[in-house]
Amino acid sequence: MRKLALNDEILLSVDKPVRYIGNEVNSVIKDREKVDIRYAMCFPDLYEIGMSHLGIQILYDMFNSFPDVWCERAYSPWKDLAEILKERNIPLFALESQDPLKDFDFIGITLQYEMCYTNVIQILDLSGIPYYSKDRKEDDPIIICGGPCTYNPEPIADIFDIVYIGEGETRYRELFDLYRECRNKGMRREEFLHKASKLSGLYVPSMYRTEYEEEGLPLIKSFEPIYEDVPRTVKREVVMELSDTYYPSKPLVPFMKITQDRVVLEIMRGCIRGCRFCQAGMIYRPLRERSVDVLKKYAKAMLESTGQEEISLSSLSSSDYSGLKELVDFLIEYAGKKKLNISLPSLRVDAFSLDVMSRIQDVKKSSVTFAPEAGSQRMRDVINKGLKEEDILEGCRQAFLGGWTRIKLYFMLGLPTETEEDIKMIATLSDKIARLYYDLIPKEERKGRVQIVASSSFFVPKPFTPFQWAAMDTTESYLEKAHTVNSAMKEQLNSKSIKYNWHAADVSVLEGVFARGDRRLSKVLISAYENGACFDAWTESFSEEPWKKAFLENDISPDFYVHRERSTDEILPWDFIDISVTKEFLKREWENAGKEKVTPNCRMQCSGCGARSLKGGICYEQKDQDQIL
Amino acid sequence: MSKKIRIRFSKEGCMKFIGHLEVMHFFQQLIRRSDIPICYSSGMSPHQIMSFALPLSTGLESRGEYVDIETEEDVFIRSKDALKALNSNSVEGIEILSYKELPEGCENAMASVKAADYSIRIREGYEPEADIVKYFEEMMKKESIIVIKKTKKSEKETDIRPFIHEHRVREEGGRPCFELRLSCGSVDNTKPELVFKALYSMMGEELNEYALLIRREEMYTTADNDFVSLDMIGRVTE
């Protein structure tokens, strides 16, 4: 049997020891002596969060299909264990071999949200690895990251040796080969990193230098590679043939109940909608679908190899998947036979989706969700949310007739150009839906009140969106707005049928700072960790104090990064990344937002975003067909 | 009609750290992976018909765990094949030891379990000062062993001596290994920790919560005033 890194006394004294033992179904054990490269895949949050992540499942399976590579996993230990590890000097370990992370060749950390950055520092701290890339020695692992946060890697640039930009399926094999070659030739760490910076999609921060304006605002003056042979721009990696690419047929099955305890079928990447606040809608362009036949095959294989009782479809907007009906019919039939559950998030509410939902779940217990994002039509036009009030009301009408009585509504506050009028309309829209219910369903058929749950989050401008230049609201203004909505809700006729929630604001501002920050923030991050910040994504463990102190200690103003509108001429920290969607398009969209002008979705008309240069997507395929005809 | 099946399994090594709910979840998935034709309850959210004999506390190992399931009447599986399928889909630390069909009208494991065998060793580094074997034998000679049993509502004095059915000490690599057969069930449930708490208090020492390495070896029901292993009730299908 494997020897565990922690003894019984420790495991029995911490909460949920099952997080730290590995041994899950479909986890991979290889012979240490027979592999060349050891890779530790880390998710800088708790096991139950990290195990729910699809990207890791894909890469874990793919890396382990390489005979010379052993990929293992590690997650952030919860505070109780972290304290014990520090106190007793036990190094953080990987779940499979239980070996210390420090002994690995690579530590790959996925960055899914900015508020996990202090957990990244904790992983390095508990592993005894220097925080700064420049301080690492020859025998330290290569620290690499990937994930959506890497579309602005500058706030963590001093920490990572390599940043992988784009989809992970494409370049790792080349990177591993390069690593092995450099090691066999006895090359130094820096030489390897220099060579790695020339691989497509890989950004090596230490190969670039940033200069800042000395007068006025501390804007970026220049961003240059330090060697001539290092590329000036880094292109995002994209998989164009999604049906042929790697997908795990044997995903890991955790023992403990995790956040997403089901098999996940990724049906497509990219989105045709172009909402102006949405980063995912821009950075994953163009739309690429997996074929229905391939998906059917994977669904069966994954359910058989895991024994999971639920399957879920994953995409940014499943209703836009062209084979949805065929796939859903197949799954419903298969699930009925095998007594499985199906969950279908991100479906647009319409006759089709309501019919499907009534077939797969108990209408009485479920709710119907809309994300209008804004209360007024004007505001929805500004953010290019192609959803009209009529559509929402029609969807609700059908839902009420179908027996649903619970409606969830998601909104954002703090959007560009927002007025008091706009936000009060959140309350009027909620009330209109309630009125619709009472008008539509006769008293004798009602089962109690209709329940409308409206919630609003704080808009955070993200890189590579048309709103990347926008000013973010202050905490005070956001809370004031939430209170305005709340009082407006109370004035509504059906206020008793409506519940309104709003999210915390202080964390969102910090998220805003790191979303659009620059290299100077790496030291703030380390100070914040040293001041006690960790698990910032967890409301109960977030505290503003360590952060306030960290900004002061480093003489950096967080306001500079969030509360000013940027000029479109300004050098943005992420300008060196080429995501294929052009800056010109984003500028055009930023202007259109100001003019409240709606841009049609990709299926209606091509708006020339630039992603077509990747030779894929709806506009490209249509053009292709036109030529054939 | 359906067939009742009894499965015996072990829980060892790092698997001792997974809790009872996790064991249940693991078996639901294991049964699916192994394509065992289990029966489901009817209703909107059908679940597998499955019941476990007696939950094992986290941290304890076992070679004698039991779960009863119901399988479809018209599908015949040989015990040998079921074992092969289940074990090839299981993980290190959970081994399926038997798969037997129960006679009709047989009580399920949960209802019929009356006693369990445990072996208890002292973890290295936690050895007591006193001669524990001597005290153990002395204690077992007594007519009554009074302990304080805590329930959610109250604390009450109980005599656990009648619930200790067998006891033995043997030597294992120069260290004592204690073997106990203890009552279990809703009224007279006796955990090995409780017996050792009484023993340590006789020795005048504090029992550290990590001092004992406990392993459940077997579970029993009663028939004709005798203990019968839960494994002896069913028959191997061939």
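Order of the sequence lines fixes the chain letters, A, B, ..., with proteins taken first and strands second; residue numbering starts at 1 for each chain.
Nearest heavy-atom pair, B/Tyr210 versus A/Ser13, reported as atom, atom and distance to 0.1 Å: OH-CB, 3.0 Å. The nearest pair of heavy atoms linking A/Lys338 to B/Tyr40 is O-OH, 4.1 Å. Contact detail for A/Asp8 and B/Leu213: the closest heavy-atom pair is OD2-CD2, 4.2 Å.
For B/Glu73, the CD atom is densely surrounded, since the number of other residues' heavy atoms within 6.0 Å is greater than 12. Within 6.0 Å of atom CD in A/Glu333, 12 or fewer heavy atoms from other residues, nucleotides or ligands are found, so the atom counts as exposed in its surroundings. With a 6.0 Å radius and a threshold of 12 heavy atoms from other residues, nucleotides or ligands, A/Lys300 has its NZ atom at or below the threshold. Crowding of A/Arg446 atom CZ: a count of heavy atoms from other residues, nucleotides or ligands under 6.0 Å exceeding 12. Within a 6.0 Å radius of NZ in A/Lys408, other residues, nucleotides and ligands contribute 12 heavy atoms or fewer. In B/Lys197, the NZ atom is not crowded: 12 or fewer heavy atoms of neighbouring residues, nucleotides or ligands sit closer than 6.0 Å. Counting non-hydrogen atoms of other residues, nucleotides and ligands closer than 6.0 Å to NZ of A/Lys250 gives a total of 12 or fewer.
Between chain A and the options B/Cys14, B/Pro46, B/Gly19, heavy-atom pairs under 4.5 Å are most frequent for B/Cys14. Among B/Glu209, B/Glu92, B/Glu12, the residue with the largest count of heavy-atom pairs under 4.5 Å with chain A is B/Glu92.
The distance from atom CG of B/Asn208 to atom CD of A/Glu9, rounded to the nearest 0.5 Å, is 8.0 Å. With rounding to the nearest 0.5 Å, the separation of CZ in B/Phe17 from CG in A/Leu11 is 4.5 Å. Between atom CD1 of residue A/Ile21 and atom NZ of residue B/Lys16 there is a gap of 10.5 Å, rounded to the nearest 0.5 Å.
At a heavy-atom cut-off of under 4.5 Å, chain B is reached by A/Glu304, A/Ser305, A/Thr306, A/Gly307, A/Gln308, A/Glu309 from residues 303-311 of chain A, listed in order of number.
Only the side chain of B/Tyr126 comes within less than 4.5 Å of a heavy atom in chain A; its backbone stays farther off. In this structure, chain A has no heavy atom under 4.5 Å from any part of B/Leu30. In this structure, chain B has a heavy atom under 4.5 Å from the side chain of A/Leu4, while its backbone stays farther away.
The side-chain heavy atoms of B/His25 and A/Asp261, taken from C-beta on, include a pair separated by under 4.5 Å.
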